[in-house]
Each structure stands twice: as structure tokens, then as C-alpha cells.
A.B. asks: 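Take this structure, written in C-alpha cells, and hold onto it; I'll ask about it next.
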Amino acid sequence: MKCVKTQDAVGHVLYHDITQIIKDVKKGTAFRKGHIVTEEDIPVLLSLGKDNLYIWEKTEGILHENEAAEYLRDICMNENMIQSEVKEGKIELIAEIDGLLKIDVDKLRAVNSLGEMMIATRHTNTTVKKGDKLVGTRIIPLLIEQEKMEKAKEVAGDRPILSLIPFKKKKVGIVTTGNEVFYGRIKDTFGPVVAEKVKEFGADVIGQTIVNDDMEKITKAVEEFIEQGADMVLCTGGMSVDPDDKTPGAIKNTGARIVSYGAPVLPGAMMLLAYYEKDGRELPIVGLPGCVMYAKRTVFDLVLPRLMADDMVTSDDLAGLGLGGLCLSCDVCTFPNCGFGKGV
């Protein structure tokens with residue numbers, strides 16, 4: 001790379017993109033890297049504040065920002081993603097499908113710790129729609145050593161930092177418990193809320209069974225849905241520690257593997273997550289606390305996208321939800337898109 005006065009740059013090849021900003025009108029590239037400067041370009045370049053220009057002088061082992069940006073693309077890009085145009089050392093990745101976005105957080109931190117480059121992503125384990133921006137990358141300097149970009153590839157390893165898992169078309173059974181609903185003392189308002197949430201992910205609700213506070217009947221209702229081909233069973237009601245609340249014990253009695261009874265999230269602390277093994281598959285059974293019925297966002301909204309993508313949720317995953325798990329009822333919260341809250 002060589003710096004020359006703009007008036008002396010005619011016939012030379014631009015080393016970098018040159019941005020033009022017109023207030024309230026546009027921000028874009030006036031001249032692209034590789035452009036051969038002409039006499040007519042000189043007044044425009046001077047009007048953009050470019051009294052001097054960098055022209056191309058290729059040096060072994062040194063990468064231009066756009067070349068280096070392609071390394072970051074390769075580090076991040078996975079199936080079901082498309083890339084933006086490379087411009088000014090920047091590349092963005094866009095979702096090609098609806099799905100669950102997952103980020104290898106440790107590798108992301110490791111690459112960003114190298115300096116002179118950056119990768120900014122959405123939060124991991126969040127729902128994205130086709131066309132959503134997933135990640136933005138940038139090389140900070142105009143030039144960077146190829147050795148440093150090779151180090152970034154080494155730190156990132158063989159698999160991309162991002163993955164986008166498509167949601168599966170699931171059959172869902174709903175078991176609603178409680179004497180007050182079973183005997184008609186109150187109308188069930190829990191089931192419709194849960195059904196609406198799973199339908200947002202394209203699920204089919206194959207039925208809802210209402211049973212009284214009888215542990216054996218609750219267990220039987222869950223097992224019947226599994227026999228009918230349900231991929232997931234959601235139990236609403238009876239999740240507290242009161243003597244009349246039988247749902248946790250009923251789920252356990254199916255023989256399902258209990259991942260956790262309780263989660264460090266408010267609202268939603270009394271959620272139970274279990275997996276039932278059938279035909280080599282592990283089917284989720286979820287005991288939903290009452291807050292899911294009336295709060296707009298709860299622990300269920302944190303877990304549901306992963307269940308719909310067949311992404312196994314562990315007890316360690318649930319324990320990690322404690323950081324940021326206290327909902328402050330923000331008026332502007334848009335979780336799960338922002339990842340910071342769960343507005344009510």
C-alpha cells in the first residue's frame with residue numbers, strides 16, 4: 001500500500017472502499033476497492049475529504065480488510081445462512097430459514113480476544129426468522145497480518161461458531177390438571193395459552209386432556225398422548241409443593257428422566273423438565289407453572305425454542321439461566337429477540 005496525493009492518483013487502483021455520507025439521505029460506498037481513479041473522480045474525492053489516497057501495493061503475508069473479512073465469514077458461517085456483500089472489511093450473515101440460533105460462546109470470546117477483528121452475534125439459543133441478521137463481523141485496521149487470521153481460524157476450530165437449527169414439525173399433547181377445572185368450577189384458560197405458543201413454531205396440538213388431582217390419572221393421560229404419537233407433552237397446573245398438586249410426581253411415575261424440578265428464572269421457578277425414552281428418541285415432558293398462563297414471557301419461552309428444534313436441554317443449561325433470569329417487567333422488552341429480559 002502506498003499513500004499518494006489525490007491529484008496524483010489518476011490511473012492508480014484504490015486500495016480501499018471510500019464511503020460517502022449525506023445527512024438524512026444516504027450512507028454508502030462512493031468508490032470501491034479496485035477502482036481505477038480518473039480525472040473526473042478527483043473533485044468528488046476531494047469533496048469527500050480525501051486529500052490523500054491509499055493505492056494498492058501487494059505485500060506478501062499482509063491481507064486487505066476485505067480479504068481478511070472472508071476468514072471471519074468462514075469461522076462463523078454454517079448451513080441455513082447466507083452472506084452479505086463484503087464491504088469495508090465487513091461481512092454479515094443472514095438467516096435463510098426460521099430456526100434456533102446457537103453460538104459457541106467460548107470460541108466467540110477467544111476470537112474476539114485476539115484483537116484487530118470482531119464478531120458480534122445475537123444471543124445464543126434464541127429464535128430467529130428467515131431474513132434476520134445473525135452476526136456482523138469486521139476487521140478493525142485496513143491491513144492485517146495473514147498469520148493473525150490463521151490464528152483466528154485455529155482458535156475457532158473445525159466447526160463454525162454459529163449454527164442455525166430448523167424447527168421440527170411436532171405433535172403436542174396437553175394435559176391439564178386440577179379439580180377446579182375438571183369439575184367445572186372454573187374455565188380452563190391455561191391450555192389455550194400453551195397451544196398458541198407451540199403453534200407459533202408450527203406444532204400440531206393433537207389434543208388436550210383434563211384430569212382431576214389424581215396422580216395415576218395424570219400419569220395415564222401423559223402416557224396415552226405418547227402412545228398416540230406425541231413428540232412432546234405439556235402439563236398445565238398442579239406444579240407447586242402443595243399437598244394437592246400431583247403433577248411432578250405423576251410425570252416422574254411415567255419413568256421419564258427428570259432433568260430438573262425448578263429453574264432459576266422468575267417468573268417460572270416451578271417448571272419441571274423431563275425426557276421420556278421411546279423408540280430410541282427422548283421426548284420432552286414439561287410441567288408448566290401457573291405463571292405461564294398469565295405472564296407474557298416466562299421460563300417456558302426460554303426453553304421452548306430448544307425443545308422445538310430437538311436441542312437437548314440439560315440441568316447445567318437451566319442453571320445457567322439464573323444470569324439474567326430475573327424479569328424486571330421492562331415495558332420495551334422484546335425477549336426472546338433481545339435476550340436480556342422476558343417482558344410480561
Side-chain angles (χ1 to χ4, degrees), residues 73 75-83 92-109 119-137 156-157 159-172 194-205 230-234 259-260 263-265 268 271 273-275 281-286 288 292 296-325 327 333-343:
R73 174 202 61 200
I75 285 171
C76 294
M77 192 167 183
N78 213 327
E79 294 180 310
N80 304 317
M81 303 174 192
I82 56 175
Q83 72 168 77
E92 297 173 345
L93 297 181
I94 312 298
E96 211 169 19
I97 61 166
D98 296 354
L100 175 73
L101 177 66
K102 296 187 70 67
I103 313 293
D104 190 320
V105 177
D106 292 336
K107 288 183 179 180
L108 176 66
R109 182 185 294 271
I119 301 172
T121 74
R122 289 175 176 249
H123 282 269
T124 189
N125 292 324
T126 51
T127 299
V128 297
K129 298 289 187 181
K130 181 178 180 179
D132 283 349
K133 186 187 301 183
L134 306 178
V135 60
T137 71
R159 290 185 295 178
I161 289 176
L162 277 65
S163 58
L164 181 53
I165 308 172
F167 296 121
K168 309 300 188 296
K169 182 75 172 179
K170 288 187 175 291
K171 298 177 181 178
V172 178
V194 173
E196 187 62 30
K197 284 184 181 291
V198 298
K199 287 177 181 177
E200 290 177 5
F201 292 89
D204 290 329
V205 177
D231 302 301
M232 178 164 60
V233 180
L234 304 175
V259 174
S260 178
V265 177
M271 184 191 75
L273 175 63
Y275 284 96
R281 299 174 58 207
E282 290 202 87
L283 312 177
I285 303 174
V286 189
L288 298 174
V292 176
K296 183 179 179 181
R297 297 297 184 192
T298 69
V299 66
F300 187 44
D301 298 284
L302 294 170
V303 173
L304 182 59
R306 298 187 61 181
L307 300 180
M308 298 305 296
D310 282 341
D311 184 42
M312 186 69 67
V313 179
T314 68
S315 58
D316 188 59
D317 292 333
L318 294 176
L321 296 179
L323 179 61
C327 178
C333 177
T334 57
F335 184 86
N337 291 324
C338 76
F340 286 108
K342 300 171 294 299

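Note that the structure is predicted; figures quoted are calculated from it, not measured.
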A.B. asks: Which residues pass the side chain to side chain donor-acceptor pair (under 3.5 Å) test with K133, not counting sequence neighbours?
C.D. replies: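 Partners of K133 under the side chain to side chain donor-acceptor pair (under 3.5 Å) test: E92.
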A.B. asks: Could you list the residues that satisfy side chain to side chain donor-acceptor pair (under 3.5 Å) with K171, not counting sequence neighbours?
C.D. replies: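 Not a single residue meets the side chain to side chain donor-acceptor pair (under 3.5 Å) criterion with K171.
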A.B. asks: Once side chain to side chain donor-acceptor pair (under 3.5 Å) is applied, do any residues pair with D204, and if so which ones, sequence neighbours excluded?
C.D. replies: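 For D204, no residue satisfies side chain to side chain donor-acceptor pair (under 3.5 Å) once neighbours in sequence are set aside.
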A.B. asks: Using only atom types and a distance under 3.5 Å, with no angle test, would you say the side chain of K102 pairs donor to acceptor with the backbone of L164?
C.D. replies: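 Answer holds: no.
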A.B. asks: Apply side chain to side chain donor-acceptor pair (under 3.5 Å) to R73 and list each qualifying residue two or more places apart in sequence or on a separate chain.
C.D. replies: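 R73 satisfies side chain to side chain donor-acceptor pair (under 3.5 Å) with Q83 only.
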A.B. asks: Quick test of your reading of the model: are R306 and D317 salt-bridged, counting only N-O distances below 4.0 Å?
C.D. replies: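 Salt bridge between R306 and D317, a charged N being under 4.0 Å from a carboxylate O: yes.
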A.B. asks: For D231, which residues count as a salt bridge (Lys or Arg N to Asp or Glu O under 4.0 Å) partner, sequence neighbours excluded?
C.D. replies: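 So D231 forms a salt bridge (Lys or Arg N to Asp or Glu O under 4.0 Å) with R281.
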A.B. asks: Measuring from I103:CD1 to I119:CD1, what's the distance to the nearest 0.5 Å?
C.D. replies: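 So the CD1 of I103 and the CD1 of I119 are separated by 9.5 Å.
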A.B. asks: Check this for me, if you would: do K197 and D301 make a salt bridge, where the nitrogen-to-carboxylate-oxygen distance has to be below 4.0 angstrom?
C.D. replies: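 Judged by the 4.0 Å cut-off on N to carboxylate O distance, K197 and D301 do form a salt bridge.
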A.B. asks: Which value, rounded to the nearest 0.5 Å, describes the distance between L273 atom CG and I285 atom CD1?
C.D. replies: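 With rounding to 0.5 Å, CG (L273) is 9.5 Å from CD1 (I285).
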A.B. asks: Using salt bridge (Lys or Arg N to Asp or Glu O under 4.0 Å) as the criterion, list what pairs up with E200, not counting sequence neighbours.
C.D. replies: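 If we apply the salt bridge (Lys or Arg N to Asp or Glu O under 4.0 Å) test to E200, skipping adjacent residues, there are no hits.
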A.B. asks: If you look at every heavy atom in M308 and A203, which pair is closest and at what distance?
C.D. replies: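 Looks like CE-CB, 3.7 Å.
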